[in-house]
Chemist: 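Got a structure for you, questions after.
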Amino acid sequence: MISKVIHDLDEALNGLEDNMTVMFGGFGLCGIPENSIAAIRKKGTKNLTCISNNAGVDGFGLGLLLENHQIKKMISSYVGENDEFERQMLSGELEVELIPQGTLAERCRAAGSGIPAFFTPAGHGTEVAKGKEVRIFNGKPHILEHAFDASFAFVKAWKGDETGNLIFKGTARNFNPSMAMAGKITVAEVEELLPVGSLEPNAIHIPGVFIHRIFKGSAFEKRIEQRTVSKRN
Amino acid sequence: MISKVIHDLDEALNGLEDNMTVMFGGFGLCGIPENSIAAIRKKGTKNLTCISNNAGVDGFGLGLLLENHQIKKMISSYVGENDEFERQMLSGELEVELIPQGTLAERCRAAGSGIPAFFTPAGHGTEVAKGKEVRIFNGKPHILEHAFDASFAFVKAWKGDETGNLIFKGTARNFNPSMAMAGKITVAEVEELLPVGSLEPNAIHIPGVFIHRIFKGSAFEKRIEQRTVSKRN
Amino acid sequence: MALDKNGIAKRIAKELQDGWYVNLGIGIPTLVANYVQDDIKVEFQSENGILGMGPFPLEGDEDADLINAGKQTITSLPGSSFFDSSMSFAMIRSKKIQLTVLGAMEVSDQGDIANWKIPGKMVKGMGGAMDLVASAENIIVAMQHTNRKGDSKLLKKCTLPITGLNCVKKIVTDLAVLEVHSELGFVLSERAPGVSVEEIVSKTIGKLFVPDNVPEMSI
Amino acid sequence: MALDKNGIAKRIAKELQDGWYVNLGIGIPTLVANYVQDDIKVEFQSENGILGMGPFPLEGDEDADLINAGKQTITSLPGSSFFDSSMSFAMIRSKKIQLTVLGAMEVSDQGDIANWKIPGKMVKGMGGAMDLVASAENIIVAMQHTNRKGDSKLLKKCTLPITGLNCVKKIVTDLAVLEVHSELGFVLSERAPGVSVEEIVSKTIGKLFVPDNVPEMSI
């Protein structure tokens, strides 16, 4: 019978082609699909449009694809923690579309929910609203935003089972669930890949129906972007 | 300090008035807020507009409010498992608005998400679409649906903590989470009410921020509507 | 001989493919779950919030917190998941369910379906049917070919209030398997064992295309 | 004397009310968490997906899977919950967060705010700021009264690209507390200890209403 479990990363990327639009879960470097990013770098797919809240840092996360010139356009809410990003953006090599974070999340969730468009107040009166339909609800202006359309979504979960059910940990959840729902093909990498029946059905964050391919990541570096600590007394 | 925990059901209904629009979680008789319904019956609030997937059965669930003539209008996806309902509807005493189940759920979720309106394909070409804006997305007609506006939401959860964090069980989850998000005042009744810190933060279905009042239900009958069994060999 | 309900369900079960997620409506569609072939695995979704629905519980094992969209007590299989209604219809609208099987009162030769309301009779509501037919890419209708009065349920145009337009892909009745084609209308692809093409033609009002060879179903 | 960053945070902390859910932006707003009064309980939300955020972890206890919206390592308190980004902004847009505190480059006397983009400089993005200011009913801006060049940041009209219109309710600067009134513009309600009304007037370009009595802040 068909299995979603992938043993070879080439298989995980099967069908990924130049010029595609691709989603990447994660917030900053937290909960990013490290292993898939490494595999895409190795495969060398070019001219990608990447939907991701951030764009990684130099040498890690999506920074790895940036420095290999694989990204044509970034659709994000916050970027530029990254010298190579800045260089490519200022030189015109990299196109950047900035979107309010909540709208970014909701446009993912909409794509995964069969909702082609919705109204949100975020961005009204700003350059984000340019060219967008404005409508008043409850006396307040809202703008019409559309669902994303992504060929692939790469997400990272804590635990997964062989039917693709996923559980996330802490704030590493972030954009991963909505993007998992949104991908035409969704590839999940997990820290623990468990046999069917291992996960409590009430505790599953994303049902396996949304996941097309799943694999146990061989390495998770989990780099910390802003290590901030309290002093021990 | 302020506590959300309610010890007296009158308190749970504080502010509930005649003519209000009220949501009730549950699917059939599964996961309905039994204790709140009993309290509303006792309080006798009249002319309620009730948003609930179903309308209970004779003598149980919302049937209790129907037979006490407390409901002016039902907004549901499936009704009439209930003689009293049929009688009141045919006599014109009860107004009924039928809505596709997914649209009902999404209009709740939209209300709880600050999304005033969204497009869905459900109901296009049917009487549900009458008077509604139609727009084509991806070559397919969709209709514009609006978020609900409910003064109260009554929901039922399995476990809750004193800050209002909720966990649901099995298919008793159904409409409860989206309605919990949608109520201007949301009242949650739970089977187990636990001290703060008892629930695993990763496993919470609805964060306490959405819950205004919470109490441990004193009685859960959990009536089964269609008992269907396999024979033991 | 015309198929009985279980026969219709058996024939539909042959459409299932390994790895599919399937939503079964109330009535005959529910029976399809009993005939899944041994060499494939499908997961059943019920729109009230479960994937991985299993058979009815053994007597005494019923759980009031575990029902299907028909409000029947059910069980959950290993690998199942529970979710809320908005998530359930998110997966339905975003076409993650590969097959939807539901009953109908009428189907038109354009693939329109009417299955929720009879004017003058008590209306119960559409439940999740309108969401399902509006989004599902693969809809099979399971129904009797004619109604109790003997009138065809396969029409040129539905007379009852519509549930969805241009959505039905295939119909399995007690007499035949028909596919819906945008130009040809109903295309008769199989007949029930012992049922003649003539009988099917006589009981079909909508535009019907009959190929030269219409094999008997093998069930 | 003008307040330092901690002084601004302390003054804002006095606005917190028992039972509130609060979102703190990056910079001065983050410091507000250090000054919550003992007799109230507030829960801090971070829009990347946590309610019940606690202080920074002790050295060695950092968890890469537990950060705030500023990407700093944090801890979670008893009663906390984790959720995804769409849920996080669902609670923000549906006004479940009673107070939002954020920094600004400019604020207008109509309550407009600009805090995300300086033309000609590298643009980092608006993050969650536009969603927050578009929906929050209670927004306090924490900022210096003037920029590094000494120019007022309280203007008639923002010169920088807007983050949101008519949204700021209150501003706490190193010099003053001001409320935004639809007709009066900035209303000077408190001055920093030892700071004169004249200094505030001279450093405020937007329409400013000065009541007869402007008390000193008590912090």
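Each chain gets a letter, A, B and so on, in the order the sequences are listed, and its residues count up from 1.
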Chemist: State whether the number of non-hydrogen atoms from other residues, nucleotides or ligands found under 6.0 Å of C/K169 atom NZ is greater than 12.
Modeler: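 Yes, NZ of C/K169 has more than 12 neighbouring heavy atoms, counting only those of other groups under 6.0 Å.
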Chemist: CZ/B/F220 to CG/C/D65 distance, rounded to the nearest 0.5 angstrom?
Modeler: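 That separation rounds to 10.0 Å.
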Chemist: As an exercise, state the distance from OG of C/S88 to CZ of B/F27, rounded to the nearest 0.5 Å.
Modeler: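 Those atoms lie 9.0 Å apart.
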Chemist: When only pairs under 4.5 Å are counted, which of B/G31, B/G28, B/P141, B/C30 shares the most heavy-atom pairs with chain C?
Modeler: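 Looking at each option in turn, the highest pair count goes to B/C30.
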Chemist: Partners of C/N166 by side-chain hydrogen bond (donor to acceptor under 3.5 Å, both in side chains), sequence neighbours excluded?
Modeler: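 With sequence neighbours excluded, C/N166 shows a side-chain hydrogen bond (donor to acceptor under 3.5 Å, both in side chains) to no residue whatsoever.
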Chemist: How would you list, in number order, the residues of residues 122-129 of chain B that have a heavy atom less than 4.5 Å from chain C?
Modeler: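 Heavy-atom contacts from residues 122-129 of chain B to chain C are B/A122, B/G123, B/H124, B/G125, B/T126, B/E127, B/V128.
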Chemist: Rounded at 0.5 Å granularity, tell me how far CG in B/N174 sits from CG in C/D84.
Modeler: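 Spacing of CG (B/N174) from CG (C/D84) equals 8.5 Å.
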Chemist: C/I162, C/T73, C/L165: which one forms the most heavy-atom pairs within less than 4.5 Å of chain B?
Modeler: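 Between C/I162, C/T73, C/L165, the count favours C/T73.
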Chemist: side-chain contact (heavy atoms from CB on, under 4.5 Å) with B/R227: which of C/E59, C/K71, C/E62?
Modeler: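 One option only clears the test, and that one is C/E62.
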Chemist: To the nearest 0.5 angstrom, please state how far the OG1 atom of B/T228 sits from the CG atom of C/N68.
Modeler: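 One gets 7.0 Å once the value is rounded to the nearest 0.5 Å.
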Chemist: Need one label for C/T163: side chain, backbone, both or neither, based on atoms under 4.5 Å from any heavy atom in chain B.
Modeler: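 C/T163 touches chain B through backbone heavy atoms alone.
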Chemist: With a 4.5 angstrom heavy-atom cut-off, is it the side chain or the backbone of C/P161 that approaches chain B, or both, or neither?
Modeler: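 When you check distances to chain B, only side chain atoms of C/P161 fall under 4.5 Å.
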Chemist: B/N54 versus chain C, heavy atoms under 4.5 Å apart: side chain, backbone, both or neither?
Modeler: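 Interface part for B/N54: side chain.
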Chemist: Which answer fits C/A114, side chain, backbone, both or neither, if we ask what part of it has an atom under 4.5 Å from a heavy atom of chain B?
Modeler: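 For C/A114, there is no contact with chain B at all, as no heavy atom is under 4.5 Å.
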Chemist: Side chains of B/Q226 and C/F56: does their closest heavy-atom pair fall under 4.5 Å?
Modeler: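 They are not in side-chain contact.
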Chemist: Report the option among C/M130, C/K124, C/E47, C/Q72 that has the most heavy-atom pairs separated by less than 4.5 Å from atoms of chain B.
Modeler: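 Of C/M130, C/K124, C/E47, C/Q72, C/K124 has the most heavy-atom pairs under 4.5 Å with chain B.
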Chemist: Do any N or O atoms from the side chain of B/R173 and from the backbone of C/F82 form a donor-acceptor pair under 3.5 angstrom?
Modeler: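 Such a contact is found between B/R173 side chain and C/F82 backbone.
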Chemist: Under 4.5 Å heavy-atom distance to chain B, tell me which part of C/F89 shows up: side chain, backbone, both or neither.
Modeler: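 The side chain, not the backbone.
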Chemist: For each of C/G125, C/G127, C/G60, C/G164, tally heavy-atom pairs with chain B at distances under 4.5 Å, and name the one with the top tally.
Modeler: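 Most heavy-atom pairs within the cutoff with chain B belong to C/G127.
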Chemist: To the closest 0.5 Å, what do you measure between NZ (B/K140) and OG (C/S135)?
Modeler: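 Between atom NZ of B/K140 and atom OG of C/S135 there are 4.5 Å.
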Chemist: Assess whether atom NZ of C/K5 is packed by more than 12 heavy atoms of other residues, nucleotides or ligands within 6.0 Å.
Modeler: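 Not more than 12 within 6.0 Å, no.
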Chemist: Name all residues meeting the side-chain contact (heavy atoms from CB on, under 4.5 Å) criterion together with C/S108; count only those two or more places apart in sequence or in a different chain, and write none if there are none.
Modeler: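 For C/S108 the side-chain contact (heavy atoms from CB on, under 4.5 Å) partners, ignoring immediate neighbours, are C/Q110, C/D112, C/C158.
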Chemist: Considering only heavy atoms, which portion of B/K169 lies under 4.5 Å from any heavy atom of chain C: side chain, backbone, both, or neither?
Modeler: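 For B/K169, heavy atoms of backbone and side chain both lie under 4.5 Å from chain C.
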Chemist: Take atom CG in C/D39; do more than 12 heavy atoms of anything else shown fall under 6.0 Å from it?
Modeler: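 Correct, the count exceeds 12.
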Chemist: If we define contacts as heavy-atom pairs under 4.5 Å, which of C/S81, C/A69, C/S80, C/G49 has the most with chain B?
Modeler: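 Heavy-atom pairs under 4.5 Å are most numerous for C/A69.
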Chemist: Using non-hydrogen atoms and a 4.5 Å limit, figure out which bit of B/E221 sits close to chain C: side chain, backbone, both or neither.
Modeler: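 Contact with chain C: none, neither part.
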Chemist: Output the distance between atom CD1 (C/I67) and atom CD1 (B/I224), rounded to the nearest 0.5 Å.
Modeler: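 The CD1 atom of B/I224 is 9.0 Å from CD1 of C/I67, to the nearest 0.5 Å.
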Chemist: At a 4.5 Å cut-off on heavy atoms, which part of B/F168 comes close to chain C: side chain, backbone, both, or neither?
Modeler: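 Neither the backbone nor the side chain of B/F168 comes within 4.5 Å of chain C.
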Chemist: Residue by residue, which of residues 93-110 of chain B have a heavy atom closer than 4.5 Å to a heavy atom belonging to chain C?
Modeler: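 At a heavy-atom separation under 4.5 Å, chain C is reached by B/L98, B/I99, B/P100, B/Q101, B/G102, B/T103, B/A105, B/E106, B/R109.
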Chemist: Where does C/V123 contact chain B at under 4.5 Å (heavy atoms): side chain, backbone, both or neither?
Modeler: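 The answer is both parts of C/V123.
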